Amino acid sequence: MRGRFLTVSNLLSLFRLFLSIPFIFVMFSDSPNARWWGLVLLGLAALTDKFDGVLARRYNEVTEWGKILDPLADKIGMAVVALVLVSLGQIPVWFVIAIVGRDLLILAGGIFLKQKYGIVEQSNVLGKWTVGVLAVTMALAMLQVEGVLMDSALWLSVAMLAASLGMYAMSFVRIVRRTGSSSRAASGTPS
C-alpha cells in the first residue's frame, strides 16, 4: 500500500479506534458517572475525527492508509457505541441493524474496489455529516433523552444513513463503469 503509515492524522484515527475499549469498560462499569465519562470519550472521538482530516490536508499527509483508517475508525467506533447502547436498552435493535448494515455494505464495496481495481475511495462529506448526526443521537441516548427529540434524532440518523449509502453507491457505480470501460478500451474488448 502506498504512502506513509505513521502520520499525525493516521495516529489520531488509530487513537479514535482504540477509544472504543475504554468506552466499553466505562459504560458497563458500576460508576455513577459512567454515562458522563462515556460522553467525554464520545466527544474526544469526535474531536479526533475532526482534526485527523484537517491535519492530513493541511500538512499534505493524505495517504492510502488514511483513506482506510479514518472511515474504519468511524465505522467501528459507531458500531461499538451502538452495540453498547442497545445492550443497555437505550436505542432500538432496528437502529443498530441500520447502522451496521449500511457500514457493512460500504465496507464490502470498498474491499471490492481495492481488490479489483486497486482504488481506495475516500470518505465523502455526507458520510462525515452522517457520523456527526449519529454521534449526537448516541449522546442523546446516553443522556437518556426520550420522546419527540429522541425519535426525531433516530429518524434523522436513518435518513442520513440512507442518503450517505446512496452517495457511496453512486460513487461505486461511477468508478466501476469508468474503470471497467477504460480497461475494456485498453484491451480492445468492445463495451
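FYI, side chains are in, hydrogens and waters are out, and symmetry mates aren't considered; it's all heavy atoms of this structure. From a predicted model like this one, the values you see are computed outputs, not experimental measurements. Each residue takes its place number in the sequence, starting with 1.
- Take Ser157 and apply the side chain to side chain donor-acceptor pair (under 3.5 Å) test, not counting sequence neighbours, and it matches Thr137.
- When Asn33, Val26, Leu44, Leu143 are each tested for a side-chain contact (heavy atoms from CB on, under 4.5 Å) with Leu39, only one passes: Leu143.
- Leu149 and Val145 get closest at one heavy-atom pair: CD2-CG1, 3.8 Å.
- The side chain to side chain donor-acceptor pair (under 3.5 Å) test applied to Ser29 returns no partner, not counting sequence neighbours.
- Residues forming a salt bridge (Lys or Arg N to Asp or Glu O under 4.0 Å) with Lys116 (at least two apart in sequence, or on another chain): none.
- Cluster membership check: Val125 does not share its hydrophobic cluster with Leu165, using side-chain heavy-atom separations under 4.5 Å among Ile, Leu, Val, Met, Phe, Trp and Tyr.
- Without hydrogens or angle criteria, Thr179 side chain to Val176 main chain gives no donor-acceptor distance under 3.5 Å.
- The distance from the CG atom of Leu42 to the CE atom of Met138 is 8.5 Å, given to the nearest 0.5 Å.
- Taking every heavy atom of both residues into account, Arg102 and Ser164 meet most closely at NH2-OG, 2.9 Å.
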Margin query: Between Gln90 and Gln144, is the side-chain contact (heavy atoms from CB on, under 4.5 Å) condition met? List the steps.
Written below: CA-CA 7 Å; Gln90 296 300 303; Gln144 298 178 311; 3.2 Å; yes
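- Between Ser87 and Phe28, some side-chain heavy-atom pair lies under the 4.5 Å cut-off.
- Hydrophobic clustering places Val100 together with Val81 (ILVMFWY residues linked when any side-chain heavy atoms are closer than 4.5 Å, directly or through intermediates).
- Checked against salt bridge (Lys or Arg N to Asp or Glu O under 4.0 Å), Asp103 has no partners two or more places apart in sequence or in another chain.
- Sorted by first and then second residue, the ring pair (Phe, Tyr, Trp, His ring centres under 6.0 Å) pairs with a member in residues 127-172 read Trp94-Trp155, Phe112-Phe172; sequence neighbours excluded.
- Judged as a side chain to side chain donor-acceptor pair (under 3.5 Å), and not counting sequence neighbours, Arg35 has no contacts.
- Between Ile175 atom CD1 and Tyr117 atom OH the span is 10.0 Å, to the nearest 0.5 Å.
- Checked by atom type and distance alone, the side chain of Thr130 pairs as donor or acceptor with a backbone atom of Leu126 at under 3.5 Å.
- Rounding to the nearest 0.5 angstrom, the gap separating the CG atom in Leu134 from the NZ atom in Lys75 is 10.0 Å.
- At a threshold of 4.5 Å between side-chain heavy atoms, the hydrophobic network of Ile, Leu, Val, Met, Phe, Trp and Tyr places Leu88 and Leu154 in one connected group.
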Check against side-chain contact (heavy atoms from CB on, under 4.5 Å), Val40 and Trp36:
CA-CA 6 Å; Val40 167; Trp36 293 107; 5.7 Å; no
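- A salt bridge links Lys128 with Asp70: the distance from a Lys NZ or Arg NE/NH1/NH2 to an Asp or Glu carboxylate oxygen falls below 4.0 Å.
- For Leu69 against Leu14, the heavy-atom pair with the smallest separation is CD2-CD2, 3.9 Å.
- The structure places CD1 of Ile76 at 10.5 Å from CZ of Arg16, a figure rounded to the nearest 0.5 Å.
- Remark: Leu41 CG to Ser20 OG distance equals 9.5 Å, nearest 0.5 Å.
- More than 12 heavy atoms of other shown residues, nucleotides or ligands fall within 6.0 angstrom of atom CE in Met150.
- Both Leu85 and Ile97 are assigned to one and the same hydrophobic cluster, defined by single-linkage of ILVMFWY side chains at heavy-atom distances under 4.5 Å.
- Leu105 and Leu113 are members of different hydrophobic clusters when ILVMFWY side chains are connected at heavy-atom separations under 4.5 Å.
- Here the CG atom belonging to Leu19 is positioned 11.5 Å from the CD1 atom belonging to Ile24, to the nearest 0.5 angstrom.
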